[in-house]
Amino acid sequence: MEPLAAHIRPTNLKDFIGQSHLVGSGKPLRIAIESKHLFSFILWGPPGVGKTTLARIYAKSLDAQFFELSAVSAGKDDIRQIILDKSGDASKPKILFLDEIHRFNKSQQDFLLPYVESGELTLIGATTENPSFEVISPLLSRCRVFVLNELSDEEMSQILDRTKIKMDKESREWLINMANGDARQALAMVEATQSLYKKITLKNLKETLQSKFLRYDKKGEEHYNTISAFIKSMRASQPDAALYYLARMIDAGEDPKFIARRMVIFASEDIGLAQPTALVVANDVFRAVETMGLPECRINLAHGVAYLAQCKKDRRAYDAYEEAAADVQKFGNLPIPMNIRNAPTKLMKDLGYHKGYEKYTDESFLPDKLKKKKYLEEEPKRPKTEK
């Protein structure tokens, strides 16, 4: 039986809901679709907001040969097979929709590049990650990037109306709030609840959410619970627990680069000054993940996790920055002391800019209002080891 999301998926712009800044009257994607303009582009936005649907509508408008791949499971051979495929009408352009393009490593993107350059393939990439970081520059320069937004509550409600499934106001509001702008998540919940309980009620929706019926989703509760457990395990210096939650995320299909990014953040936020080289290790793990991809990068992640979990922890730099940032918000742009201001002109020097500046002094360079402020705490004295 066809999934609910696929069953109600629109096939034209008239029925498409959301992204009015792209498909509204006179907007770029609508113009491209209506004028049948062939070009490569990337759709960047959160899950469940219409990336796949827009790609299909675009390809249909050009009467193109349309191929869909997921970068999670596809590789160079899949692209080669599309290029060599002569079964379609040669007069029609070949459009490749590559979902989760950020999951293609550099080598795979390099392989794709010449086919996009030559026009043998028109690429539509879809990603939840910033393409500036995830797509190689030569490929990115040949694509226009369209940014998609989370669906509004009103738009989510319109999509739920399309299901023709009855639900009360309380259930609808809870469902929209839970999905957080992700139509696919909301429709999956409706479909699962209907299948399990035959009726949509708030109680049944909550029961479904607690069940294992729904898979691990990148925006779902289980995603946040698992990454939270992963970080807390490293913070508590428990490598066994951290490795377990790492394995759970990899097994569930989590993007390894997402995990590696969190490790880079953790290296500065939680380890910080206690082991400055932790940031070097975390960055090298991220680069290895980016270069190698799955399944091999699991080894790099495990190596990095075991190391970071066993490092001593020191959050002083992170806490100091947060306190300084709070003062910036509280006091605004306080006057910078005259002696440390830049003085590139004679007038500025005459006004006292840079006057009395000493390179090495104990005098605080903070604005006058914060002179006595101390953000970075002294390193705590460690107790002497008992003999």
If hydrophobic clusters are built from ILVMFWY residues whose side chains come within less than 4.5 Å, do [X] and [Y] share one?
| X | Y | value |
| --- | --- | --- |
| F39 | I57 | yes |
| I95 | I83 | no |
| I42 | L148 | no |
| L112 | I124 | no |
| V281 | I231 | yes |

For the side chain of [X] and the backbone of [Y], is there at least one donor-acceptor N/O pair under 3.5 Å apart?
| X | Y | answer |
| --- | --- | --- |
| Q19 | N149 | yes |
| K257 | E129 | no |
| R172 | S157 | yes |
| K313 | A309 | yes |
| K36 | S61 | yes |
| R142 | S40 | no |
| S152 | E155 | yes |
| E207 | K203 | no |
| H21 | V147 | yes |
| N204 | I200 | no |

Over 12 foreign heavy atoms within 6.0 Å of [atom1], [X]:
| X | atom1 | result |
| --- | --- | --- |
| E117 | CD | yes |
| K355 | NZ | no |
| E322 | CD | yes |

For [X] and [Y], which heavy atoms make the closest approach, and how far apart are they?
| X | Y | result |
| --- | --- | --- |
| G75 | Q108 | CA-NE2, 3.8 Å |
| R103 | V72 | NH1-CG2, 3.8 Å |
| L366 | P337 | O-CG, 3.3 Å |
| Q109 | F104 | NE2-O, 2.9 Å |
| T208 | A192 | CG2-CB, 3.6 Å |
| P367 | P335 | CB-O, 3.5 Å |

Just jot down the salt bridge (charged side-chain N to carboxylate O under 4.0 Å, His left out) partners of R80, sequence neighbours excluded, or say none.
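Per chain and number, R80 pairs via salt bridge (charged side-chain N to carboxylate O under 4.0 Å, His left out) with D77.
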Which value, rounded to the nearest 0.5 Å, describes the distance between [X] atom [atom1] and [Y] atom [atom2]?
| X | Y | atom1 | atom2 | answer |
| --- | --- | --- | --- | --- |
| K60 | N12 | NZ | CG | 6.0 Å |
| L113 | L121 | CG | CG | 11.5 Å |
| E269 | D314 | CD | CG | 12.5 Å |
| L62 | H37 | CG | NE2 | 9.5 Å |
| E254 | I227 | CD | CD1 | 6.5 Å |
| E68 | I82 | CD | CD1 | 10.0 Å |

Compute whether any side-chain donor of one residue and acceptor of the other, for S364 and K373, lie under 3.5 angstrom apart.
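Looking only at side-chain atoms, K373 and S364 do not form any donor-acceptor pair under 3.5 Å.
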T53 versus R9, side-chain donor and acceptor atoms under 3.5 Å
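There is such a pair between these side chains.
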Side-chain donor-acceptor distances from residues 292-302 under 3.5 Å, at least two apart:
| from | atom 1 | to | atom 2 | distance (Å) |
| --- | --- | --- | --- | --- |
| R298 | NE | P295 | O | 2.9 |

Sorted by first residue and then second, give each ring pair (Phe, Tyr, Trp, His ring centres under 6.0 Å) pair with at least one member in residues 110-158; sequence neighbours left out.
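Listed once each, the pairs are F41-F146, F111-Y115.
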Apply side chain to side chain contact (heavy atoms under 4.5 Å, CB included) to E191 and T163, showing your working.
CA-CA 9 Å; E191 186 173 28; T163 67; over 6 Å; no
Please step through side chain to side chain contact (heavy atoms under 4.5 Å, CB included) for the pair T277 and Q275, ending with a clear verdict.
CA-CA 6 Å; T277 51; Q275 187 71 47; 2.9 Å; yes
Looking at D110 and K76, is any side-chain nitrogen of the basic one under 4.0 Å from a carboxylate oxygen of the acidic one?
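No, this pair does not count.
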